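This report concerns only the one structure given below.
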Amino acid sequence: MFIDARTTTTHSVIETDLCIIGSGPAGMTIAREFIGTSVGVMLVESGGFDYDTITQRLYQGENRGEAYDPLDVCRLRFLGGTSNHWGGWTRRLDPWDFEKREHVPHSGWPITEQELRPYYEDTERLLELGKHRYDAAYWTENTDSNRLLDRDNIITNVFRLSPPTRFRLRYGLDIERAENIHALMYGNLVDFDFQDNKEVASRARIATQTGNRFSIRARAYVLACGGIENARLLLACNKDHAMGIGNQNDNVGRYFADHYGIWGGNLVFSGDIAGNEFYRVHQPRILREQGEALQIVPSLGLRPELLRSAGLVNFTNYFLPQAEGLATFDDRQRAGQAADDVRALARLVGGAATPAPADATAYQVITSFEPTPNPQSRVLLAQEKDELGLRKVILDWRLAPEDEAATKKLNQVFAAQFGAAGLGRMYVNPAQMWPLKWKDYGRHHMGTTRMSATPADGVVDRDCRIHGLRNLYVAGSSVFPTYGYAQPTYTIVALALRLAAHLKARLEREGTRP
Amino acid sequence: MKRRDFLALLLQGALLAALPSGALAAATTPSPLRKEVQALAAGRRFYRRIATTFLSRQKLTAEQCLEQLQQRLWAEAPADVTADEVARQLQRAVKEDFLAGDVVEIQGWMLARTEVLLCACLQLQASSRSPLPAR
């Protein structure tokens, strides 16, 4: 059921078992897992049921690093959180995204991909993805355009598009009907109280923009406010932890990352695969037949063994017909014209490039790759405070120095493998890639409360519990220590399901509150 | 017209000098092939550009160029060679170049060294006598 925090008596204390701050995909997923259990849940949401500028202004902050969206634009602060403007792209992280790789500084998760697998089926149900798969072979068996290009070291990476799921609309009613779940609307976390040992959070202090102040006493707390706000709140809620909660090793707010796509070059497919429609955003036959309004986007990458041996970060390449370019460079235009020349070359050399049809198209390559974790890329606190008395946020997004070499190298290797596989030829100009004249970013806020095996290397442990604390957890992509190239929502939900399972076991083991 | 025939036709002019005497028939253009050859000739400007760019970086005579290309196709030149075999060896050499990272960047395009050498050979050959009909 829903409660309006603005009607809550000041100085009152609400008792519950589990207090979840934030009702986006992570927070709402965890809350839903407790429906029908004996565990009482308080789901605290800063906003209401729709966008409003009064609540949204609490997200205002300063961008100090890379050019970025205003911080009150790239996030949403009402029921369902940022799922309300989610684009719907999904993909699992690859198993090797979880591995520590020597050529990717600060890489590696303390858990394996296998540990998330038990939660994938429910994740796909929650994200309304239907009963389908990610492997490319499955889709080529179920589409009209059977053009799988997996050859030699080239592999197909498929993205599946959710409707997209708006958690507010899709699951809001579940929350309203659940007797043991209370969604506290218009409530904002402004601090935590801790017991004397400072290891146990004893209450969350809540404030409304209308002046009500009260607290929630729970057995466990989950912070699920997004990759920027999670860090900001841990740093700003410093009454009992002077450096910020979980920040004894100065890791909170560091390693901020977003996925960004770059123009990776141009290419011409060999004649027999020119005009390939499979590698476009499309609705395969099976989805049409089943009446599912879903789409897929296949893209091309390299085998993990080659990524490892060549010292490359993980990445994938999308293709856009030249005419559909998102941005224009003179050189890109020239590259498009040169495509005619490459088709001439295709006629010259057999096998690797069979005679191309006259209407063969040059494609732009959009490269999406895993950013290198960068401790200098940070969420910080400003001196200025918001209307609730919390210091405002500063985002100092910095690309890792390693990213330049990584982006220049990966498409040179890809171009060679693309040619070796007989798929065509690729135009790559590293000199034009950096500094980045064109990039687009995903508004995926990751890494600021990273998961680590030890407190020295991160903020939360393998259970998403803040190192050194007993009952305060973090959910969302802020816990990602390495980011892959896949959009984070899928993994956010899978991790939330995993955290919910952990909390269920723990809270049931410890018994209900007195 | 099959690709391998096409390739054989193309290569006659370029490879003739490098192969043992009598390995390939003299270059002729039978009338049914004229259309394909003309299509090929349309790309000649680009082959020239590849060749010119490459040869500006690496000074090669026609003989050196052909020798390098031949070595990529056969460790030891066979006494007899078919168009089919030429096509096979070219495909193999191009693939091996890419896998070995033996790639030449020409105006941004990442090309296998073998195919760049082939263009250079044709260009150098053309400077003495044109292997392709004029448009």
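A, B, ... follow the sequence lines: proteins, then strands. Residue 1 opens every chain. Nothing here was measured: the structure is a model prediction, and the numbers come from that model.
Nearest approach of A:R425 to B:W109, heavy atoms of both residues: O-CZ3, 3.5 Å. A:A415 and B:M110 get closest at one heavy-atom pair: CB-CG, 3.7 Å.
Atom CD of B:Q64 has more than 12 heavy atoms from other residues, nucleotides or ligands within 6.0 Å.
Contact check for A:V428 versus B:E105: no side-chain heavy atoms found under the 4.5 Å cut-off. In this structure the side chain of A:Q417 reaches within 4.5 angstrom of the side chain of B:L99, judged on heavy atoms.
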